[in-house]
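Residues: numbered from 1 along the sequence shown. Counting starts at 1 for both ligands and their atoms, following the listed order.
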Amino acid sequence: MNEINPDAVILPEIYGQFAEHLGACIYGGLWVGPESPIPNTQGYRNDVLQALRDLKVPVMRWPGGCFADEYHWRDGIGPAKDRPTQVNNNWGGTVEDNSFGTNEFFNLCELLGCEPYLSGNVGSGSVEELAQWVEYITAEEGPMARLRKENGREKPWKLKYLGVGNESWGCGGNFTPEYYADVYRRYQTYCRDFSGNKLYKIASGASDYDYKWTDVLMEKAHRHMHGISLHYYTVTTWSGSKGAATKFTPEDYYWTMGKCLEIEPVIEKHAAIMDKYDPKKNVGLLVDEWGTWWDVEPGTNPGHLYQQNTMRDAMVAALSLNVFQRHTDRVKMTNIAQVANVLQSMVLTRGDQMVLTPTYYVFKMYIPHQGATPIPLDVTTTRMDVRGERAVDLLQATASRKDGRIAVSLTNVDLDKDMDVEIALGDTKVKNIEGSILTAASIDDYNDFGQPEKVTLKPFKGAKASKGTVKVHLPAKSIVTLLID
Ligand code: AHR
């Protein structure tokens, strides 16, 4: 372990979530309505609420995604029975009743104790509409505050994170970067700080390897933004079959590890462009969509992006979170896509049943890193060549320190071989080690409805301290977090 940089911190927002009006993420996943026979608190399902509370969710992005640029917030306020229905054009043409709107989202964030992150409609909305949404949410007085009070909410909410559009190069309007930069400057001008609220304004950023988008936006608009987003999915292709979530070969698995780790050079290249215009690193890079994207489960609506979640997905989560923790100077938030029933979810629901996914458990194991100071590591490990395209280090690791306690998360990517690891601690005297492990009999194991969990967290006893080192025996395909006092 190397010296700690006392200025760096792993912001809790690195562990952010994303909830879009897409498939059963909101309706059925988070929200069943107060009249539902499914046990709920003011309409939010109790099982999911508790699962997310246990995860200490720091921030939730809403209402999209692509949905955000067709969302008109006035359709989602007032008595639920009077709200108009709307067709979700992006996601399967599903008709939604708008019963989950602004009040329901902000109340959910209060119940979870997390920061709300709003994605504003730039593609099909207006400057006035977005400006008034901010006013409705945050102003103490004035016409929008009156409207909010009429709808039962006296006190304004706090809103920090405001996204000005989503994927504005694609579903959010098909803008050129030059045109969007000007539009962004205009929109953000009228999104005001009301009643002591302070907005953190986020420009809609690039996807993957689109460095030009970042360059143009930073050149033309960096003085008007606090953050710029980046989307990166672990996906095999954008055209044609992406492969099944639960059926894959060892070769596919290692390819997936390589693809997910490629987010690191991608972040570094976007960050280097940002450095040209913003050497003091005032602007944050927010990876506000990331995760695995497989084919939908057979028989489900192709527009609802419902996929299962195996131990392979857990590995992707751990490796990605490790990368984010190495880049705290720029990466100020990330939001895995998505929280429930969509893509790489934390939870899956069916009727009144809920399943916690392997990915959920990784987020749980990484809670000790939230708000901690990262400890840089030198890792020596074997490397595997994948299809001659990428090399994957078979030992992946991250470490941090908070309140005198060191948290180390180790991943053995190897499907077949256990690994003996030595952690050099220097002068640190070890009094106690606690550990937890996530692994599975088979890498394609997953948790399903109505059966005992196959992939779940267990206590880990394979670490021993001796003379300035901790020796760890890591089973094949496992993720371990150690808490060292
Ligand atoms: O997360 C699913 C979709 O992926 C989002 O709506 C969009 O922003 C991205 O293309």
How about Y44 and W31: are their ring centroids closer than 6.0 Å?
yes

Apply disulfide (SG to SG under 2.5 Å) to C66 and C171, showing your working.
CA-CA 6 Å; C66 296; C171 64; 2.2 Å; yes

Is it the side chain, the backbone, both or neither of [X] that has a heavy atom closer than 4.0 Å to ligand 1?
X	answer
N166	side chain
Y233	side chain
W91	side chain
W293	side chain
N90	neither

Would you mind listing which atoms of ligand 1 come within a distance below 4.0 Å of any non-hydrogen atom of [X]?
X	answer
C66	5 (C), 6 (O), 7 (C), 8 (O)
Q338	1 (O), 2 (C)
E289	1 (O), 3 (C), 4 (O), 5 (C), 7 (C), 8 (O), 9 (C)
L343	1 (O), 2 (C)

Give the residue, atom name and distance (to 0.1 Å) of the protein heavy atom nearest atom 6 (O) of ligand 1.
E20 OE1, 2.7 Å

Over 60° means perpendicular and under 30° means parallel, so classify the ring planes of W293 and Y233, tilted if in between.
perpendicular

Cation-pi check, R312 to F248: give yes when NZ or CZ is under 6.0 Å from the six-membered ring centre and within 45° of the ring axis, no otherwise.
yes

Please answer whether the main-chain N or O of E104 pairs with a side-chain N or O of N107 as donor and acceptor at a distance below 3.5 Å.
no

Apply the ring-ring contact (aromatic ring centres under 6.0 Å, His included) test between Y180 and each candidate in Y187, W169, W213; give the one that qualifies.
W213

